[in-house]
Visitor: 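My questions will all concern the structure given below.
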Amino acid sequence: MQKLIIQGSRRIGGEMNIQGAKNSVLPLMAASVLCGGIVNIGNCPAISDRYAAMRILNHLGCTACERDGYVQIDSGAIRRTDIPDELMREMRCSVIFMGALLGRCEKCRICFPGGCDLGPRPIDMHLSALEKMGAEINIGHGEILCSAPDGLCGAKITLPFPSVGATENIILAAVLAEGETIIQNAAREPEIHDLIKFLNTNGAEIKSAGGRIIINGVKRLTPSAELYEVIPDRIAAATYLSFAAACGGELLIKKCCPSHMDAVIPLYEQMGCYIKCFGSNIYIRSRGKLKTSGTVRTMVYPGFPTDAQAVLMAPLCIGEGTAVFVENIFENRYRHTGEMQRMGADIRAEGKVAVVTGVEGLYGAKVEAPDLRGGAALVCAALSAEGKSIISRAELIDRGYERIEDNLNRLGAAVRREAE
Ligand code: EPZ
């Protein structure tokens with residue numbers, strides 16, 4: 001267990017390179033199972049979920065190892081098709097190894113995935129889609145046994161909700177399936193397109209337009225030796241925008257992708273920050289009291305991302321006026337509000353809605369990270385607060401943010417890590 005000790009009320013300034021996308025590198029690592037040879041994935045963030053994915057790959061018989069600035073994965077030999085409970089439970093994304101193993105080995109044995117506690121997070125859409133493709137699925141004793149002895153067949157699948165994980169699982173299962181798979185009402189997040197681009201680089205035949213993805217099954221993939229660079233992490237970029245907005249100062253975020261943040265950046269401008277996007281850079285300047293962002297509704301991409309909800313809420317706790325959040329994606333994604341109230345925030349959360357009334361300032365306190373993005377929001381609140389804060393369960397923050405204290409200290413913050 002880890003904790004972060006943060007001395008607040010310091011301005012944030014300087015420049016930084018944003019990390020590669022957590023929610024892209026994990027599906028790419030699962031997809032490497034289909035490649036049947038060596039692939040090289042660059043711009044991999046040094047986050048704990050990535051190392052969890054490497055442990056799963058090595059357990060399956062692949063070799064996943066660190067090279068100089070990239071991860072090399074050789075999936076030539078798959079020796080196992082089961083993923084033990086302790087590996088599955090480390091993160092939500094482990095569930096998409098199901099599609100990859102079914103696609104490559106026509107069977108797998110997994111348990112229900114872990115990940116942030118944001119509500120029930122069922123996988124019914126994943127399972128019903130794989131059954132439509134010919135998989136036999138038996139669930140019992142907390143395990144999911146899948147098999148497709150005659151191989152998977154392409155199918156036309158309309159998702160009831162554009163689930164990111166279900167879209168990824170279907171793509172992975174369809175790449176080596178017999179015939180054509182069409183996904184309608186598919187997720188449109190940039191991470192989905194990164195997965196499609198990675199698979200096509202390795203010989204898959206996938207086209208996508210709007211919420212429709214067409215996969216033409218191929219016999220095998222041809223692993224490419226070229227280094228494949230993961231897209232920038234748009235949620236980490238939003239998080240550092242919030243750090244600068246809440247603390248005041250000037251920050252240049254480099255190696256990011258502003259066009260992935262069209263629903264996010266205008267909200268910081270609405271709050272009174274000056275933002276300039278040029279090339280792969282975002283410059284933010286925050287001075288004086290922040291204004292309210294009005295009502296923020298989380299939506300599927302290209303709407304405002306649910307993953308940025310908590311980190312946008314943090315600076316608004318000390319803004320002028322009232323902001324209203326409507327969380328439309330997950331049932332239980334306000335667990336950070338209770339911890340923020342310990343720091344003096346005025347937030348009332350009821351069901352999908354949270355009302356944030358700006359206060360003069362927050363004060364340091366002992367708080368506990370409830371999940372990955374809620375933990376990052378508490379870091380933001382602590383950076384702007386008067387006095388010292390201690391954030392426990394910081395290992396949850398490490399799941400999605402690489403070297404957060406090093407980055408922040410380089411930008412003028414005072415953050416120390418201690419084992420609990
Ligand atoms: C991915 O989770 C991301 N995780 C999440 O990021 C992100 O919040 C989410 O997509 C939405 O953008 C990864 O990519 C590893 P969903 P996922 O399937 O795939 C319901 C972070 O902080 N649903 O799009 O689990 C589900 O309960 C994490 O980086 C079903 O009902 O999200 C939720 O309410 C958190 N049945 C909604 O759909 C299903 O079979 C969206 O879930 C699948 C999903």
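Atoms within a ligand are numbered from 1 in the order they appear, just like the ligands themselves.
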Visitor: Excluding sequence neighbours, so at least two apart, what forms side-chain contact (heavy atoms from CB on, under 4.5 Å) with Ala52?
Guide: Arg55, Glu90, Met91
Visitor: Is a side-chain donor-acceptor pair under 3.5 Å present for Arg417 with Gln2?
Guide: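 Note: Gln2 and Arg417 side chains meet the donor-acceptor criterion.
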Visitor: Answer yes if the side chains of Glu229 and Asn43 hold a donor-acceptor pair under 3.5 Å, and no otherwise.
Guide: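 No.
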Visitor: When the side chains of residues 258-269 are checked against the rest of the protein, which donor-acceptor pairs come out under 3.5 Å, sequence neighbours left out?
Guide:
residue : atom : partner : partner atom : Å
Tyr268  : OH   : Ala238  : O            : 3.1
Tyr268  : OH   : Ser242  : OG           : 2.6

Visitor: Verify the distance criterion only: is there a donor paired with an acceptor across the side chains of Arg348 and Tyr334 at less than 3.5 Å?
Guide: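 No, Tyr334 and Arg348 have no side-chain donor paired with an acceptor closer than 3.5 Å.
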Visitor: With sequence neighbours excluded, give me every ring-ring contact (aromatic ring centres under 6.0 Å, His included) pair touching residues 160-218.
Guide: Phe198-Tyr228
Visitor: Could you name the protein residues that come within less than 4.0 Å of ligand 1, counting only heavy atoms, and order them by chain and residue number?
Guide: Lys22, Asn23, Arg92, Cys93, Leu118, Arg121, Pro122, Ile123, Asp124, Met125, His126, Phe161, Ser163, Val164, Gly165, Thr306, Asp307, Ile329, Phe330, Arg333, Leu372, Arg373
